[in-house]
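FYI, the numbering just counts along the sequence from 1. All values below were derived from every heavy atom in this structure, side-chain atoms included, with hydrogens, water molecules and symmetry-related copies excluded. Keep in mind that this is a model prediction, so the values were computed, not measured.
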Amino acid sequence: MAKLSSPWCDEPLMSPCTKHNYKYAAKHYKFNGRYFRALCNYMKYKTLSG
């Protein structure tokens with residue numbers, strides 16, 4: 001993971017807060033095989049898109 005070799009390795013990752021962040025997070029989780037997390041983020045994205 002690239003975060004471990006960066007100068008910010010001790011900082012927590014940002015949580016999604018806008019609809020675009022939720023969509024990006026859903027795509028990221030799907031790509032990494034974490035389908036339940038992807039679905040949760042996609043549902044939040046669709047809720048905010050409204």
Side-chain angles (χ1 to χ4, degrees):
M1 188 168 163
K3 182 182 183 298
L4 296 177
S5 61
S6 77
W8 300 278
C9 63
D10 296 330
E11 296 293 321
L13 295 174
M14 291 175 42
S15 297
C17 56
T18 67
K19 71 177 188 173
H20 298 292
N21 293 142
Y22 280 112
K23 184 176 182 180
Y24 181 78
K27 288 170 61 176
H28 175 76
Y29 284 127
K30 182 180 176 192
F31 179 78
N32 287 307
R34 299 183 68 189
Y35 299 109
F36 183 73
R37 294 289 302 248
L39 180 63
C40 290
N41 280 284
Y42 183 73
M43 295 300 285
K44 289 177 184 176
Y45 162 72
K46 291 304 276 183
T47 301
L48 291 172
S49 295

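Screening residues 40-50 for side chain to side chain donor-acceptor pair (under 3.5 Å) gives no qualifying pairs among residues at least two apart or on separate chains.
Considering only residues two or more places apart in sequence or on other chains, Leu48 meets the side chain to side chain contact (heavy atoms under 4.5 Å, CB included) condition with Lys19, Tyr22. Judged as a side chain to side chain donor-acceptor pair (under 3.5 Å), and not counting sequence neighbours, Asp10 has no contacts. By the side chain to side chain contact (heavy atoms under 4.5 Å, CB included) test, Thr18 is found to be paired with His20, Asn21, residues two or more places apart in sequence or in another chain being considered. Arg37 pairs by the side chain to side chain donor-acceptor pair (under 3.5 Å) definition with Tyr29, not counting sequence neighbours.
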